[in-house]
Amino acid sequence: MLEELKKKVYEANMLLPKYGLVTFTWGNVSGIDRESGLFAIKPSGVPYEELSPEDMVIVDLNGKVVEGKYRPSSDTATHVELYKAFKTIGGVVHTHSSYATSWAQSGRDIPCYGTTHADYFYGDIPCLRCLTKEEIEDAYEENTGHLIVNEFARLNRDPEAVPACLCKNHGPFCWGKDPYHAVESAVVLEEVAKMAYRTELINPRVERAPQDLQDKHYYRKHGKNAYYGQN
């Protein structure tokens with residue numbers, strides 16, 4: 001079932017250790033087939049070097065396993081909520097990558113200090129609040145998804161323009177139009193988190209990049225008048 005999707009999701013998961021985003025089994029990628037309403041996700045706790053495409057678990061948007069010999073990622077319920085709310089995304093990634101997670105543990109948004117950030121994310125990357133005791137004890141992973149969705153709505157943030165967030169005291173969730181682009185968001189997030197950290201070390205009084213510069217770099221790659229790359 002959905003063999004091509006399982007292959008893509010497997011390959012996307014293999015990019016996490018390649019780009020240094022995971023230690024041991026600390027991360028997962030999923031990808032959805034919108035026509036069937038099913039998605040493939042990494043199994044829980046299985047080392048990356050032992051995975052194969054056939055090991056990816058097929059899950060529906062109620063969180064029910066449809067196919068697979070393993071239990072799906074423990075973050076599956078978060079992926080479910082993101083797919084249900086963000087209708088244009090096709091892939092979701094969760095990692096505990098070091099620099100992005102450091103910002104999450106600090107409870108800070110990642111400010112846009114330069115064009116590398118602006119090329120991929122429109123504005124600061126938000127760090128959301130920590131879940132309440134009740135939210136943690138009752139459906140923790142599902143409530144993580146609800147928090148992301150509700151906070152993006154409250155903050156009036158476009159999930160396509162800002163395909164990442166930081167969950168306070170936890171780590172980053174990223175997404176994209178497919179599993180590969182979700183991983184790309186996670187890779188760039190880690191790089192801009194690293195750059196922002198170093199920038200503040202070098203100049204603690206640094207200010208955000210001018211809005212005109214941020215707009216130029218974001219919109220030359222995104223939107224109807226984008227001209228970056230090839231047709």
Side-chain angles (χ1 to χ4, degrees), residues 12-29 48 75 78 82 91-132 136 144 147-148 150-152 154-176 180-222 226 228-229:
N13 272 285
M14 291 300 100
L15 293 176
L16 298 185
K18 175 182 176 180
Y19 286 108
L21 298 183
V22 297
T23 304
F24 299 124
T25 60
W26 306 350
N28 47 73
V29 182
Y48 287 86
D75 296 302
T78 307
L82 295 181
V92 175
V93 176
H94 173 54
T95 76
H96 289 250
S97 60
S98 181
Y99 282 87
T101 300
S102 296
W103 284 87
Q105 291 180 170
S106 300
R108 286 189 58 194
D109 298 353
I110 302 177
C112 182
Y113 288 136
T115 61
T116 309
H117 182 133
D119 279 339
Y120 286 87
F121 304 101
Y122 190 63
D124 296 357
I125 297 163
C127 183
L128 312 182
R129 66 171 174 83
C130 189
L131 294 172
T132 65
I136 292 168
T144 298
L147 173 65
I148 295 169
N150 292 339
E151 284 296 283
F152 265 66
R154 184 184 70 82
L155 296 168
N156 195 28
R157 305 301 295 274
D158 179 356
E160 289 191 59
V162 188
C165 70
L166 307 175
C167 290
K168 189 172 185 289
N169 305 119
H170 186 179
F173 280 86
C174 305
W175 47 85
Y180 174 81
H181 284 88
V183 172
E184 184 178 14
S185 296
V187 172
V188 177
L189 171 65
E190 180 67 1
E191 288 301 308
V192 300
K194 186 186 304 183
M195 291 176 186
Y197 164 71
R198 290 171 172 168
T199 298
E200 292 192 358
L201 284 180
I202 295 167
N203 180 7
R205 295 179 297 279
V206 64
E207 296 182 355
R208 286 170 175 76
Q211 191 62 51
D212 289 343
L213 184 63
Q214 292 188 42
D215 289 349
K216 180 65 176 179
H217 271 261
Y218 182 79
Y219 287 114
R220 75 175 187 167
K221 289 190 72 172
H222 308 273
Y228 178 89

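For reference, positions follow the sequence shown, starting with 1. The shown structure was predicted, so the numbers you read here are calculated from the model rather than taken from an experiment.
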Does Cys167 reach the side chain of Phe173, with side-chain heavy atoms less than 4.5 Å apart? yes
Which heavy-atom pair separates Lys221 from Ala226 by the least distance, and what is that distance? C-CB, 3.6 Å
Start with the C-alpha distance between Thr116 and Met195, add both sets of side-chain angles, then the distance that settles side chain to side chain contact (heavy atoms under 4.5 Å, CB included), and finish with yes or no. CA-CA 9 Å; Thr116 309; Met195 291 176 186; 4.0 Å; yes
Looking at Tyr180, I want to see if its OH is surrounded by more than 12 non-hydrogen atoms of other residues, nucleotides or ligands under 6.0 Å. no
Pair Tyr113-Asn203, side chain to side chain contact (heavy atoms under 4.5 Å, CB included): steps then yes or no: CA-CA 11 Å; Tyr113 288 136; Asn203 180 7; over 6 Å; no
His181 side, atom NE2; Tyr120 side, atom OH - distance, nearest 0.5 Å: 9.0 Å
Which atoms form the tightest heavy-atom contact between Lys168 and Arg129, and what is the distance? CB-C, 3.8 Å
What are the two closest heavy atoms between Ala12 and Val29, and how far apart are they? CB-CG1, 3.7 Å
Under 3.5 Å, is there a donor-acceptor pair between the side chain of Ser106 and the main chain of Arg108? no
Closest heavy-atom pair and its distance - Cys174, Ser185: CB-CB, 4.0 Å
Please verify the inter-ring angle class for Tyr99 with Tyr197; under 30° counts as parallel, over 60° as perpendicular, anything in between as tilted. tilted
Write down the atom of Leu166, the atom of Ala100, and the distance for their closest heavy-atom approach. CD2-O, 3.7 Å
Report yes if some heavy atom in the side chain of Ser97 is under 4.5 Å from a heavy atom in the side chain of Leu189; otherwise report no. no
From CD (Gln214) to NE2 (His117), nearest 0.5 Å: 7.0 Å
Between CZ on residue Arg208 and CG on residue Asp124, distance to nearest 0.5 Å: 4.0 Å
Please tell me if the side chains of Glu200 and Pro111 come closer than 4.5 Å, counting only heavy atoms from C-beta onward. yes
Measure the acute angle between the ring planes of His170 and His94, then classify it against the limits of 30° and 60° as parallel, tilted or perpendicular. perpendicular
Rounded at 0.5 Å granularity, tell me how far CG in Asp119 sits from SG in Cys112. 9.0 Å
Is a side-chain donor or acceptor of Trp103 paired with a backbone partner of Ala193 at a separation under 3.5 angstrom? yes
What distance do Leu128 atom CG and Asn169 atom CG have between them, rounded to the nearest 0.5 Å? 11.5 Å
Rounded to the nearest 0.5 Å, how far apart are SG of Cys165 and CG of Leu147? 7.5 Å
Taking every non-hydrogen atom, the tightest pair across Tyr218 and Ala161: OH-CA, 3.2 Å
Show me the side-chain donor-acceptor pairs of residues 19-28 shorter than 3.5 Å, one per line, residues at least two apart or across chains.
| residue | atom | partner | partner atom | Å |
| --- | --- | --- | --- | --- |
| Asn28 | OD1 | His79 | NE2 | 2.8 |
| Asn28 | ND2 | Ser73 | OG | 3.1 |
| Asn28 | ND2 | Asp75 | OD2 | 3.0 |

Flag side-chain contact, heavy atom, 4.5 Å: Ile110 against Phe121: no
